[in-house]
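Heads up, the thing below is written out as structure tokens.
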Amino acid sequence: MNAAEAMVNQALADELVAAYKRRRMNQRALAEATGMSPTTLQRVLAGRSEISGPTFVTLCAATGADPVRLLADALQAVGGMTRIEAELQASDDERVAPVSDTTATNDELDRRRRQREAASWTTEQLEGERGAAITDGELEQPEPEAP
């Protein structure tokens, strides 16, 4: 998650916590009402896990909260769309800083290209890269543990 996504995610989590507390629910009751595991629910409500659209709607339904109102309140809490857009622009500027071909080494250009590509990888691609990092290419087996 980039900074803007994390900011919105935390605001959504805070609004969801307020919604279940207004209903005088506890996390166990909310987990049962949504079918979520208590651990997953705890991570979501703490803002440590990204809140997907379906999860958001399910949590709103279980707490009786209006999803549109809750989203509007969360956006207002972070300073509105102007602030989110500014955060997104700032994170884009940091992630893909301009590189002068005359001053950057080939290694630096390759590293930045890989960063841009990795930002759009699927879970399967990421798992493949993780597997490649721990597999001996010649033997096609996991690298032996260092003594």
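The figures that follow rest on heavy atoms only: side chains count, while hydrogens, waters and symmetry mates do not.
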State, to 0.1 Å, how close A19 and A65 come at their nearest heavy-atom pair, and which atoms those are.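 Closest approach of A19 to A65: CB-CB, 4.0 Å.
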Taking side chain to side chain donor-acceptor pair (under 3.5 Å) as the cut-off, I'd like each qualifying pair that reaches into residues 64-75, sequence neighbours left out, listed once.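 Qualifying pairs: R69-D73.
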Test: side chain to side chain donor-acceptor pair (under 3.5 Å). Region: residues 21-36. Which pairs qualify, not counting sequence neighbours?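 Those involving residues 21-36 are Y20-Q27.
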Counting C-beta onward and ignoring hydrogens, is there a side-chain heavy-atom pair between D14 and L45 closer than 4.5 Å?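 The answer is no; the side chains never approach within 4.5 Å.
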Does any non-hydrogen side-chain atom of N9 lie less than 4.5 Å from one of E5?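 A side-chain contact under 4.5 Å is absent here.
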Kindly compute the distance separating CG (L16) from CG (L30), expressed to the nearest 0.5 Å.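 Rounded to the nearest 0.5 Å, the CG-CG separation comes to 8.0 Å.
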Rounded to the nearest 0.5 Å, what's the gap from CG on L41 to CG on L59? Could you check?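 The CG atom of L41 sits 6.0 Å away from the CG atom of L59.
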Can you give me every donor-acceptor pair (side chain of residues 47-56, partner residue at least two apart or in another chain, under 3.5 Å) with its distance?
unit_1 : atom_1 : unit_2 : atom_2 : d
S52    : OG     : T55    : N      : 3.3
S52    : OG     : T55    : OG1    : 2.9

Test side-chain contact (heavy atoms from CB on, under 4.5 Å) on L71 and C60 and set out the steps. CA-CA 10 Å; L71 179 58; C60 286; over 6 Å; no
